[in-house]
Amino acid sequence: MSPKEVLRTYWHYDDFRPLQAEIIDSVLAGKDTLALMPTGGGKSLCFQVPTMVKGRLCLVVTPLIALMKDQVENLRQRDILAAAIYTGMSRDQQRVALDNCQFGPYHFLYVSPERLESEAFRKRLTELPICLIAVDEAHCISQWGYDFRPSYLHIADIRESLPEVAVLALTATATPAVANDIQERLHFRENNLLKKSFRRENLQYVVREVVSGQCSVVNGQAAASPTGDGREEKLAQIVHILSRVAGSAIVYVRNRKRAQEVAEILVTNRISADFYHAGLSPKERHTKQEQWKTGQTRVMVCTNAFGMGIDKPDVRVVIHHDLPDSLEAYYQEAGRAGRDGKTAYAVLLYHPADRAKAKRRVSANYPPKEYVERVYHCTCDFYQVGLGSGLDHSFALHIDELCQRMRLPILQTYSALHLLDQAGYIRFEEEHETPPRVLINVPAQALGQYSLSREQIRLLDQLMRQYSGIFTDFQYIDDTEHELLVSLAQRHIITYIPRSVACTFTLIQERQAEIYLPPRVYEERQTQYAERLRAMVEYAKQKQFCREQLLLGYFGELSAPPCGHCDVCRSKNKST
């Protein structure tokens, strides 16, 4: 079938969106391709359609487990077989998925970049009929990018094993320097950038500056921020904006506690709202997300954990309560408004105190090197890992518990763990669902000494048959028989760790006596982070240049005309 026939047969669209056809033609010609498309531009079809034309297997590398699951389910609903491999799957589950891709009529295999760190896994990939490697969120491979992830660097190792297979790298946000770095790190045979304009004709960018002491009204009561940071005034602005702009909305805040507080205030002001952050259980996150997507909830107040992979076309306004860390992050989050092409608004609330807060973020994200080393040793001590041991050992890490026990500040500890990851001492994966795990404590021949129910005997027999290493290592299991597992754990016959939401801490070197953070991990990235924050502050506080023009210039579109409808352009039009 031709690309258009595939599009009509499986997706029921008559034609491609702008730039999609050019990207697909480039991929089908066997060219390494970097596709730079704004959020909501239809990036997935750019690797899904050519894969179906070729009729073989596409390896998709993406850091978003929730997005993997959604895309696998969406493809299956279109009668296209797809599989996913991610943290938390047992070895048997991974083996079955790989066997299906090797011997079955599967067309897509989604993997997290961390899987590529295993040499055995990379070798197994060479046995699969892979015709294309698709790299989602490709800016993560660049150390100049705003969300660098070291595990992405292993994609180049796959290219060495599969030299004939083309790469399609996809991202919504990349400066010219990052775009060049992506192509270099992915070993492009020749540079090939296909780029759609970052301009969004229907999206109006607005910055509203709030001043402390202004009388504001929330829930009918006058209020001014007692701390002088504009917090109450920002709340009043959010209520005002949502009262004036109808339709679905997103409000971004910087921390979990604030997300819940703002949602509750909106509800007291008779605005349908809920909150979302990574600390919620998977079930809670799914429920809240579905209620918002279907319109049962109008406003989602959230941290930046919300939005990746969300394709809700009718969002009318995205409000930022706080400054994002970079213009890349702001553009991507603001771009979730107005994907249906109708008028939408991206509103950033700015208070003069935000400038000082931004400076403090630099020290919070890059704590002193001595503190980073302290977090390393405290975490190893917490899990009783001695010097010279612990290689490849993995632990479910609850940051709150670690910080409470070791008396560490949470934000700086998060940052220290990320720095240790980038320096190659550990692998630190932020909060995700951790499947249940079981270890049988009693030797098989000794189980007969226990008085067990028929159901307990059946379950133990099933576990021993299904998981050969369950007497020596924890095994990920299906916890459909939770009550039985609890009853066996209470008698110390097994150790049972139920399903939970946690971070993952894995030692990829034996525990060291000292650690070293090279300049590329610490000083250089600290400087880059400070520069991005400075650009974000300048964007917010300036009132001279068109906001869209500034954003487009940042992404390399230097000749873009003024938009005519941002707050700066409107102000100039009024004055003339």
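This one's a predicted model, so the numbers in the text were calculated from it and none came from an experiment. The residues of the chain are indexed from 1 along the displayed sequence.
- Closest approach of Ser394 to Thr504, counting heavy atoms only: OG-CG2, 3.3 Å.
- No donor-acceptor distance shorter than 3.5 angstrom exists from the side chain of Arg339 to the backbone of Val315, with no hydrogens or angles considered.
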Practice item. Output, in order, the C-alpha distance, side-chain angles, deciding distance and verdict of side chain to side chain contact (heavy atoms under 4.5 Å, CB included) for Asn192 and Thr33. Key: CA-CA 5 Å; Asn192 182 26; Thr33 308; 3.3 Å; yes

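- Between Arg427 and Glu114, none of the side-chain N atoms (NZ, or NE/NH1/NH2) sits under 4.0 Å from a carboxylate O, so this pair counts as no salt bridge.
- Residues Tyr529 and Asp325 bring a donor and an acceptor atom of their side chains to less than 3.5 Å of each other.
- In this structure, a donor-acceptor pair under 3.5 Å is present between the side chains of Tyr110 and Gln71.
- Atom SG of residue Cys58 and atom CG of residue Leu109 lie 9.0 Å apart, to the nearest 0.5 angstrom.
- Contact of the Leu550 side chain with the Tyr205 side chain is not registered, since no non-hydrogen atoms from C-beta on lie closer than 4.5 Å.
- Judged by distance alone, with hydrogens and angles left aside, the side-chain atoms of Lys31 form no donor-acceptor pair with the main-chain N or O of Ser26 at under 3.5 Å.
- Here Glu137 does not pair with Lys43 in a salt bridge; the nearest charged N to carboxylate O distance is not below 4.0 Å.
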Exercise for review: Verify side chain to side chain contact (heavy atoms under 4.5 Å, CB included) between Asp147 and His139, making sure each step is shown before the conclusion.
Suggested key: CA-CA 7 Å; Asp147 192 19; His139 57 271; 4.1 Å; yes

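- When the options Ile23, Ile182, Thr173, Thr171 are evaluated for a side chain to side chain contact (heavy atoms under 4.5 Å, CB included) with Leu36, the one that passes is Thr171.
- No donor-acceptor contact under 3.5 angstrom links the side chains of Arg254 and His321, judged on distance only.
- For the pair Lys369 and Glu523, the minimum side-chain heavy-atom distance is below 4.5 Å.
- Without hydrogens or angle criteria, Thr126 side chain to Arg122 main chain gives no donor-acceptor distance under 3.5 Å.
- Minimum interatomic distance between Leu203 and Ala337 (heavy atoms only, all atoms of both residues): CD1-CB, 3.9 Å.
- With respect to the salt-bridge test (charged N to carboxylate O, under 4.0 angstrom), the residues Arg361 and Asp322 do not qualify.
- Counting only distance, with no hydrogens or angles, the side chain of Tyr350 and the backbone of Tyr539 share no donor-acceptor pair below 3.5 Å.
- Annotation: side chain of Leu125 is not in contact with side chain of Ser161 (no heavy-atom distance under 4.5 Å).
- A distance of 10.0 Å separates CE of Met300 from OH of Tyr252, quoted to the nearest 0.5 Å.
- Ion pairing between a basic and an acidic side chain is recognised when a charged N comes within 4.0 Å of a carboxylate O; Glu127 and Arg124 show such pairing.
- The local environment of CD in Glu190 is sparse, with at most 12 non-hydrogen atoms from other residues, nucleotides or ligands closer than 6.0 Å.
- Side-chain contact between Val165 and Leu59: absent, with no pair of heavy atoms (C-beta onward) separated by less than 4.5 Å.
- Side chain of Gln542 to backbone of Phe545: a donor-acceptor contact under 3.5 angstrom is found.
- With hydrogens and angles ignored, the 3.5 Å screen pairs a side-chain donor or acceptor of Arg511 with a backbone N or O of Val385.
- With hydrogens and angles left out, the side-chain atoms of Tyr554 and Glu328 include a donor and acceptor closer than 3.5 Å.
- For the residue pair Thr413/Tyr371, the side-chain donor-acceptor check at 3.5 Å is satisfied.
- Rounding to the nearest 0.5 Å gives a distance of 5.0 Å between CG of Asp32 and CZ of Phe188.
- Annotation: cation-pi geometry satisfied between Arg437 and Phe474 (NZ/CZ under 6.0 angstrom from ring centroid, within 45° of ring axis).
- Between Gly30 and Ala166, the shortest heavy-atom contact is O-CB, 3.7 Å.
- The environment of CZ in Arg199 is crowded: more than 12 heavy-atom neighbours from other residues, nucleotides or ligands sit within 6.0 Å.
- Proximity of the aromatic rings of Phe395 and Phe382 is defined here by a centroid distance below 6.0 angstrom, and this criterion is not met.
- Leu153 places a side-chain heavy atom less than 4.5 Å from the side chain of Ile141.
- Between the CD atom of Gln549 and the SG atom of Cys566 there is a distance of 9.0 Å, given to the nearest 0.5 Å.
- The backbone N or O of Leu507 lies less than 3.5 Å from no partner atom in the side chain of Gln509, so there is not a single donor-acceptor pair.
- For the pair Ser415 and Val375, the minimum side-chain heavy-atom distance is 4.5 Å or more.
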Practice item. Applying side chain to side chain contact (heavy atoms under 4.5 Å, CB included), run through Leu28 and Lys54 and close with a yes or a no. Key: CA-CA 8 Å; Leu28 287 173; Lys54 292 187 175 185; 4.0 Å; yes

